[in-house]
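The figures that follow rest on heavy atoms only: side chains count, while hydrogens, waters and symmetry mates do not.
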Amino acid sequence: VLRPELAVPMDATASGTPTIQYHNITDQPITTIVATPIQTFERRQRHCYGDSTPGEFPLAANPSIVLHATCSFFRQPANFAPDFELSLPELAALDICQKRAIFKPMNNEERQELKQRCGGSWKLVLRFMLAGEACSRREKSQAIAGPGHSIAVTSKGAVYSFGSNSSGQLGHGSTEEEWRPRPIRSLQGIRIIQATAGSGRTMLISDAGRVYAFGKDSFGETEFGGQGIKVVKTPQLVESLKNIFVVQAAIGNFFTAVLSREGRVYTFSWGSDGKLGHQTEPTDVEPHPLLGALENIPVVQIAAGYCYLLALACQPSGMSVYSVGCGLGGKLGHGSRSDEKYPRLIEQFQVLNLQPMVVAAGAWHAAVVGRDGRVCTWGWGRYGCLGHGDEDCAQAPKIVESLSKIKAVHVATGDYTTFVVSEDGDVYSFGCGESASLGHNNNNAVAAAAAGAAEGEGPRHTNVLTPQIVTSLKEINERVVQISLTNSIYWNAHTFALTESGKLYAFGAGDKGQLGIELVGNQTERGNPERVDIDLSLRFYCETQDNAEEEGGRDVSGAGLGQARG
């Protein structure tokens, strides 16, 4: 046998290329080589080189070794140790997961636990995290149209608040109303990734999974009343949640819910008579895990309405929606008006062959956007808020047929009001036209004028039974990416439209300054979208704003809401 080191490298010599030397090759007789059986290897998994086995091509035994060898050849770091179990798709998924804000601080044990909870695959973990980011705008700019007050979060986590402030829900250390968007300065240095607002209450989630709350010192009060409740005027850490890494919060009437980064749901209050699968008092400040079907299923989004909760779950088989709470009007989606003490799967989506991707819970009705862009609504259909052309109730999800020609990507619901955003950025609305919150003021004003009515009178607040494009938003020549509207049965509604460039437009009721726009004289609302003087794409607070005002002291010690009882 000709040994490689004795071969004459003619081409190499002629070109000046150094000769390749092979070492440690034992010289054996040809009979020995032929007689020696080829070692076989047990094939444990499919490798990146088709059907090759480790014995046929050693590098194919492990894709991460191939990747490391490639990185070494090109003198680039691989950024992780070789893994003898993962395929290249799994390695790619893990690499993307490691760039997510909620994944970075997790230790190896926590990561492995999340992997098993999601189905034993990094690809499933990645799908779980991306789904959560997409449906709740986590780590992106967002605007929240709360009951009488508003919250705006910039793309870098700064927070502005404005509107009603009777319970200190603006977080500025006072109870004075503010119509002008004002930064919550006590949060400087803390990056907020998600916000929610209830009646007289505000909750903020940081990128470290901490929850800050202010306003009414209660997680279970009703929207109306609650006299004598302690108020907290500046953001304070919720101590009872300090051991849970929270990524989303939702405030419903009588209860509050939070979602952990592992996809577990916890609730506060409204546990009397086991309404949420546990027994608590309305004043309870300790979170309780939501028991039942979702205990071992990861949830990517929660949405709270009037006495009920929706959960968007992510399973290896696909996405699904569970509901729990009060079934009045059929808003739980199970084909009846019965209450559910434990989360129950809404089976109608399987019948419709629809994969839910975004869920919204209005006061009395709910909506979902599917992967294919179809929109489903169900619940109490008063004022046409379901978009089916009538005011009938739908006790199970039903496709909005008049939106069949568009691909929806976002949906928002309020008190008998629904908004849908298409892939192109067009906005459609339907339902109750009270307080001009649907944005159809232009069309209705023309109709009023044609009927001889003065502007501001007559059909300007006409209800809309089927989806209509909001032409006033189309005229701003900006692609809308988020709609937020008031989800309350006691407050006049207002609406925010957030554009791709970070511009915020507002319309609807503004009697408490919740639009972020100054109203003069006897004005109480805006019928057409108007630009709010705030840029949510900015990283830092405006240095010229509130310079003359005394900066509030930082108080995030946790002495207020959610403090565990001693």
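Counting heavy atoms from C-beta outward, Phe268 and Leu241 have side chains that approach closer than 4.5 Å. The shortest distance between side-chain heavy atoms of Lys140 and Val481 does not fall below 4.5 Å. Considering only heavy atoms from C-beta on, Ser161 stays 4.5 Å or farther from Thr202 through its side chain. Residues Ile151 and Leu204 form a side-chain contact, since some pair of their non-hydrogen atoms from C-beta on lies under 4.5 Å apart.
Closest non-hydrogen pair, Val532 versus Gly516, comes out as CG1-O, 3.8 Å. Across Ser186 and Gly171, no two heavy atoms sit closer than the pair OG-O, 4.4 Å. The minimum heavy-atom distance linking Leu294 with Ala311 is given by the pair CD1-CB, 3.7 Å.
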Can you list the steps and then say if Lys503 with Ile476 is a side chain to side chain contact (heavy atoms under 4.5 Å, CB included)?
CA-CA 10 Å; Lys503 296 182 178 67; Ile476 66 177; over 6 Å; no
Under the criterion side chain to side chain contact (heavy atoms under 4.5 Å, CB included), I'd like the reasoning laid out for Ser429 against Phe419: C-alpha separation, chi angles, the key distance, then a yes or no.
CA-CA 4 Å; Ser429 67; Phe419 278 76; 3.5 Å; yes
Does Cys385 form a side chain to side chain contact (heavy atoms under 4.5 Å, CB included) with Thr417? I'd like the steps, not just the answer.
CA-CA 5 Å; Cys385 63; Thr417 312; 5.8 Å; no
Stepwise, does the side chain to side chain contact (heavy atoms under 4.5 Å, CB included) test hold for Val153 with Arg137?
CA-CA 11 Å; Val153 183; Arg137 292 193 60 81; over 6 Å; no
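The closest donor-acceptor contact from the side chain of Gln194 to the backbone of Ala249 lies under 3.5 Å. Checking side-chain atoms of Asp424 against main-chain N and O of Asp426 turns up no donor-acceptor pair under 3.5 Å.
Pairs engaging residues 114-131 under the side chain to side chain donor-acceptor pair (under 3.5 Å) rule: Glu90-Ser121 [sequence neighbours left out]. Residue pairs meeting the side chain to side chain donor-acceptor pair (under 3.5 Å) criterion with at least one partner in residues 99-108, sequence neighbours excluded, are Asp95-Lys99, Arg100-Glu133.
With values rounded to the nearest 0.5 angstrom, Gln248 atom CD is found 8.0 Å from Thr196 atom OG1. Distance check, rounded to the nearest 0.5 Å: OG of Ser323 to NZ of Lys331 gives 10.5 Å. The CG atom of Leu130 sits 7.5 Å away from atom SG of Cys97, with the distance rounded to the nearest 0.5 Å. Note: Tyr212 OH to Ile184 CD1 = 12.5 Å, rounded to the nearest 0.5 Å.
Annotation: salt bridge (charged side-chain N to carboxylate O under 4.0 Å, His left out) contacts of Glu401 (sequence neighbours excluded): none. Residues satisfying the ring-ring contact (aromatic ring centres under 6.0 Å, His included) test with Tyr266, not counting sequence neighbours, are none. Judged as a side-chain contact (heavy atoms from CB on, under 4.5 Å), and not counting sequence neighbours, the contacts of Thr413 are Ala360, His365, Ala367, Thr418. Taking the side-chain hydrogen bond (donor to acceptor under 3.5 Å, both in side chains) definition, one finds that Arg479 meets it with Glu500, sequence neighbours left out.
A donor-acceptor contact closer than 3.5 angstrom links the side chains of Ser320 and Gln315. Side-chain atoms of Glu478 and Ser501 form a donor-acceptor pair, as typed in the model, at a separation below 3.5 Å.
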